[in-house]
S.K.: 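Before I ask anything, here is the structure I am working with.
We count residues from 1, following the sequence as given. In what follows, every heavy atom counts, from backbone to side chain, and hydrogens, waters and symmetry copies are set aside.
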Amino acid sequence: MNSTVNLGNLGSGFGVLAAALILAYGVWVGRRDLGMRAMWGVLAAVLLTSLLPVLIFRTSLVGLLVGGVGGTFLSTLGTVLLGVVSTALAFLPLYVAVNWLEVIRRASDGFMHSRL
């Protein structure tokens, strides 16, 4: 099995888990509206990062290099490049989730101080 596919699936799984947890955190601190926006933002990042490597592979020079004559240096280089891009993109949903976590935390601090 291709390791690129495994990394993409792992990144997607963590992204969906992060979306659920960020929604739960937003509800917990009393900012359900921000939690909902954060959840949809993280899920959009998961969708984008799941589709982007496929689009890069199908429509770019990397696809031509990998799909060309097997066993050549360029084919190997294209596969490695696709793996590096997929691995980097796997962390993007987690980055988005952490960014939203900070937004919710700052908003809830102001929200809690205004209620006191």
Side-chain angles (χ1 to χ4, degrees):
M1 181 159 232
N2 190 355
S3 63
T4 304
V5 173
N6 288 337
L7 284 172
N9 290 337
L10 184 63
S12 297
F14 279 134
V16 170
L17 179 64
L21 291 175
I22 201 79
L23 174 64
Y25 179 71
V27 170
W28 183 50
V29 297
R31 295 304 306 252
R32 183 184 179 117
D33 57 332
L34 287 178
M36 205 59 154
R37 286 177 49 199
M39 178 197 68
W40 286 117
V42 173
L43 289 177
V46 168
L47 181 64
L48 177 72
T49 57
S50 297
L51 292 177
L52 201 57
V54 173
L55 293 174
I56 290 172
F57 181 74
R58 297 283 183 203
T59 61
S60 71
L61 181 60
V62 175
L64 293 174
L65 293 177
V66 174
V69 178
T72 65
F73 174 73
L74 291 178
S75 176
T76 304
L77 182 64
T79 304
V80 169
L81 181 63
L82 184 64
V84 168
V85 168
S86 296
T87 303
L89 287 175
F91 290 100
L92 187 64
L94 298 177
Y95 176 76
V96 171
V98 169
N99 186 31
W100 270 107
L101 184 67
E102 184 177 352
V103 168
I104 293 172
R105 185 187 57 83
R106 284 186 183 171
S108 66
D109 284 345
F111 182 70
M112 291 302 219
H113 290 302
S114 68
R115 293 180 79 186
L116 294 177

S.K.: Looking at every non-hydrogen atom in both residues, tell me the closest pair between I104 and R31 and how far apart they are.
M.R.: CG2-CB, 4.5 Å

S.K.: Between D109 and R105, is there a side-chain N and carboxylate O pair less than 4.0 Å apart?
M.R.: yes

S.K.: Check step by step if side chain to side chain contact (heavy atoms under 4.5 Å, CB included) holds for V98 and Y95.
M.R.: CA-CA 5 Å; V98 169; Y95 176 76; 5.8 Å; no

S.K.: In Å, rounded to the nearest 0.5 Å, how long is the span from OG of S108 to CH2 of W28?
M.R.: 9.5 Å

S.K.: Taking all heavy atoms of A97 and all of A18, pick out the closest pair and write down the distance.
M.R.: CB-CB, 3.8 Å

S.K.: Do you know the tightest heavy-atom contact between L94 and G15?
M.R.: CD2-N, 4.5 Å

S.K.: Scan L47, L48, V46 and name whichever one has a side chain to side chain contact (heavy atoms under 4.5 Å, CB included) with S50.
M.R.: V46

S.K.: Search all heavy atoms of I22 against all heavy atoms of M39 and return the closest pair with its distance.
M.R.: CG2-N, 3.8 Å

S.K.: Show the numbers, then the answer: is there a side chain to side chain contact (heavy atoms under 4.5 Å, CB included) between W100 and L34?
M.R.: CA-CA 8 Å; W100 270 107; L34 287 178; 4.2 Å; yes

